[in-house]
Every structure is written in structure tokens, then in C-alpha cells.
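Worksheet: one structure, shown below.
The chains referred to below are lettered A, B, ... by the order of the sequence lines, with proteins before strands, and numbering in each begins at 1.
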There are 2 protein chains.
Amino acid sequence: MRRSKARETIIEELQKVKTHPRVDELFHLVRRRMPRISLGTVYRNLDRLRHEGAVAEIFCGDFNRYDGDTSRHHHFLCRRCQRVWDLDGQVALKVELTTQPGDFRIDGEQVLLYGLCRECLEGEGLSHL
Amino acid sequence: MRRSKARETIIEELQKVKTHPRVDELFHLVRRRMPRISLGTVYRNLDRLRHEGAVAEIFCGDFNRYDGDTSRHHHFLCRRCQRVWDLDGQVALKVELTTQPGDFRIDGEQVLLYGLCRECLEGEGLSHL
DNA sequence: TTTGATGCAAAGTATTTGCAATCGG
DNA sequence: CCGATTGCAAATACTTTGCATCAAA
């Protein structure tokens, strides 16, 4: 794969943020540095970067999100504000295969917890729930 | 919520299959019994059934899938044929919170393993991998 | 009868693609 | 130079929505 300014800028911006942006959000971030970049280029490059394992796609419903951190970790999705957080200290989660797969070759996993974030709980006066 | 023939047929068909259909696939199943049902009605009802917890949505990439079985279980997605299976005997998985959440109220989880199913491995002569 | 639910079609979003121009090696 | 990559715009999905009509209670 030939290197390109667009692809390098895309992955740099993605690794800079912790917000797990949607494609259009990342597009706007990249456009601050490359005003003429097109949305199609962002889609094309994210696809390639994902195939080579340089970025991770987070399946979270209507629009998917991207993560520049490909180390093994899990996410939390707020079903009200739709933001996604990394789970580290706040919530530790143990995921392990307890039997060997016979019918599938497993090469990845995606663990998504969902619910409401603190801000949304408080904003709706639901923190007592 | 008032009962309706469409909604009842939708959930019946969804509970009948084990394939975790996409919305359009479920639409075709339901249409065999209700030829005049519209795709919009299927979307509307799946949305309501999901909100009341009668069906589960599986986030698995481009198109989401639905599951009539809402008991706690996890899924496997084949990244070649895009089919989704329930994980039960073949692969047992242990998922547990190891700390109490401080910043989030968690009400659900979604665990998706992905890779290649046996059929796709064999079909591509990759079963040795 | 009342009002929620539906069919239909149009609108709204998200994503992909064709192609000529541009860039990287 | 040559072929990969891009910008642009058009084409494709996919999903939601407005509204007149239908149907459940």
C-alpha cells in the first residue's frame, strides 16, 4: 500500500481523540488539517485501515464508531447520548472462553456494555434509579 | 399498546427462526403470511418490541440483526458470510463485571465474537489455518 | 366512536462507487 | 512515467416519516 497524506492524517486524528468518533465526526476533524479532503476518502481509508488492523470499528447501532486504540479493551455505550467510553478502571470486565471452539475460528471479540452515563442519569433526574 | 396482527406476526416469525434476520429478511418472512405488510411497519414494530424488551437487536456492522430470544446469551459473527450464530455449547464464554460501576448505570451487554465459520473455512480451503 | 396502527410513497441519512485529475515512488 | 489515491458528484443502500385509511377496543 502506497502511503498517502490523507490516510496518515486520518489515523493521526483518530489516535488523538478518545471519543470514538463516527465517520462524519472524524471527517470534520481531519478537514481542519486538510480542507479539501472528501468524505469518500475517509470511508475508503477507514475501511483499509480496519482490514489491516490499524483501527477498530465499534458496532454500536445506527452508525458505527472508530477507535484508534486497537489494544484489547471493551466499551460502554450510553443509550441516551450515544457516546462511547473505554472501560478500564471504572468497570473491569472479565471475558474468557471456557471451551474450545469446534465450529468457528474466532479471531476477535467485541464487548459492549450499555446503559446510561452519569451525565445522562443526572440530567434526567434519574440518578436515584 | 393496542395489539395488532402485524406485530404478532412479526414476533412469531422472529421467534421461529434461528438465523437472527436483518430487517429486510424478516420483512420477507412476514410477507409470506401478510402479503400487504410494508417495510415501514416492520421497522416501526421492531423498534417498539425492542423498547419493551420483547426482541433484541444485535449490532453487527452494516445492518443490524434481530433476535426473538431475549435470554442472556452471546453471538458469533462470520466475517465472510456475515451470518450470526448463538453461542451455547460450541463456545462457552464467561463475562463478568469485576468492579462496581461508578460512572455508568449498566443495563445490558452485548458480546460478539467474530471470525470464520466452519463452512467458510472449508469453502475457502482455509480450514488448516 | 375513538385513536392507535398500517400501507404507501416520499424524504432523510449513511455509505459506496465511477471517473478524471492528482500524487507517490 | 505508472498505477494507486483522491475529490467530486452521482448512485445505492438503509431507515424514518407524513398522511389518509383501516382496525382494535
Using whole Å, report how far [atom1] of [X] lies from [atom2] of [N].
X: Leu49(B); N: dA5(C); atom1: CG; atom2: P; answer: 11 Å
X: Arg48(B); N: dG4(C); atom1: CZ; atom2: P; answer: 10 Å
X: Arg65(A); N: dT15(C); atom1: CZ; atom2: P; answer: 11 Å
X: Leu39(A); N: dT16(C); atom1: CG; atom2: P; answer: 10 Å

How would nucleotides 9-14 of chain C be written as a contact map, 5' to 3', with B for base contact, S for sugar-phosphate-only contact and - for no contact, using protein heavy atoms under 4.0 Å? -----S
B/S/- along nucleotides 18-25 of chain C (protein heavy atoms under 4.0 Å) is B----BBS
Would you say the side chain of Asp107(A) lies within less than 4.5 Å of the side chain of Arg79(B), judging by non-hydrogen atoms?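 Counting from C-beta outward, Arg79(B) and Asp107(A) do come under 4.5 Å.
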Lys/Arg N to Asp/Glu carboxylate O, [X] vs [Y], below 4.0 Å:
X: Arg44(B); Y: Asp47(B); result: no
X: Arg48(A); Y: Glu52(A); result: no
X: Lys16(A); Y: Glu13(A); result: yes
X: Arg65(B); Y: Glu57(B); result: no

Name the first nucleotide and the last nucleotide along DNA chain D (5' to 3') that come under 4.0 Å of a heavy atom in chain A.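 So the contact region on DNA chain D extends dG3(D) to dC8(D).
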Under the side-chain contact (heavy atoms from CB on, under 4.5 Å) criterion, do Val111(A) and Leu112(B) qualify, and how do the steps go? CA-CA 6 Å; Val111(A) 178; Leu112(B) 184 70; over 6 Å; no
Begin from the C-alpha positions of Phe104(A) and Tyr114(B) and carry the test side-chain contact (heavy atoms from CB on, under 4.5 Å) through to its verdict. CA-CA 9 Å; Phe104(A) 309 113; Tyr114(B) 50 87; over 6 Å; no
Checking the side chain of Glu122(A) only, and the main-chain atoms of Glu119(A) only, is there a donor and an acceptor separated by less than 3.5 Å?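 Checked: no pair found.
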Step by step, work out the side-chain contact (heavy atoms from CB on, under 4.5 Å) result for Phe76(B) and Ile106(A). CA-CA 8 Å; Phe76(B) 175 85; Ile106(A) 294 171; 3.8 Å; yes
Can you see whether Phe63(A) has Arg22(A) sitting over its ring - NZ or CZ less than 6.0 Å from the centre and within 45° of the normal?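 Checked: cation-pi criterion met.
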With a 3.5 Å cut-off and no angle check, do the side chains of His73(B) and Asp67(B) form a donor-acceptor pair?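 Yes, side-chain donor-acceptor contact under 3.5 Å.
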Name the residue closer to the 5' end of DNA chain C, choosing between Thr41(A) and Ser38(B) according to the nucleotide with the nearest heavy atom.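 The residue whose closest nucleotide sits nearer the 5' end is Ser38(B).
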